[in-house]
Amino acid sequence: MSFDSHSVTLKIWDPATLDHTLDAAVTHVSTKSSAPRERVKVTRSGPDTFTVGLSED
């Protein structure tokens, strides 16, 4: 896992934890950046790797 000021990159090995882990990451980024959850996006950045961060809109 790596952190940026308003994003987090996660390598999620267990597919059973995917939804819960991404939901927790969206909540974390939203809270830390004081932005609504609707501004947080999830992108797949590699095999089993996801980046959660604020959208550029």
_side chain to side chain donor-acceptor pair (under 3.5 Å) against T43, all qualifying residues, sequence neighbours excluded_ = none
*Quick one: side chain to side chain donor-acceptor pair (under 3.5 Å) partners of D48, sequence neighbours excluded?*
none
*Quick one: do D23 and R37 satisfy side-chain contact (heavy atoms from CB on, under 4.5 Å)? Show the steps, please.*
CA-CA 10 Å; D23 187 51; R37 287 176 55 99; 2.7 Å; yes
*What pair of heavy atoms forms the shortest contact from S7 to G53, and how long is it?*
CB-CA, 3.8 Å
*Identified side-chain contact (heavy atoms from CB on, under 4.5 Å) partner of F50 from the options T9, L18, V8*: L18
*List in chain and number order the residues that pass side-chain contact (heavy atoms from CB on, under 4.5 Å) with D19, two or more places apart in sequence or in another chain; answer none if no residue qualifies.*
none
*Do T49 side-chain atoms and S45 backbone N/O form a donor-acceptor pair below 3.5 Å?*
no
*asked:* I'd like to know if the side chain of S30 reaches the main chain of A35, judged simply by a donor and an acceptor atom lying under 3.5 Å from each other, with no hydrogens or angles considered.
replied: yes
*N/O donor-acceptor pair under 3.5 Å between T31 side chain and T27 backbone*: yes
*For the atom pair NZ (K41) and CG (L54), what is the distance rounded to the nearest 0.5 Å?*
9.5 Å
*How about D14 and T21: do any of their side-chain heavy atoms sit closer than 4.5 Å?*
no
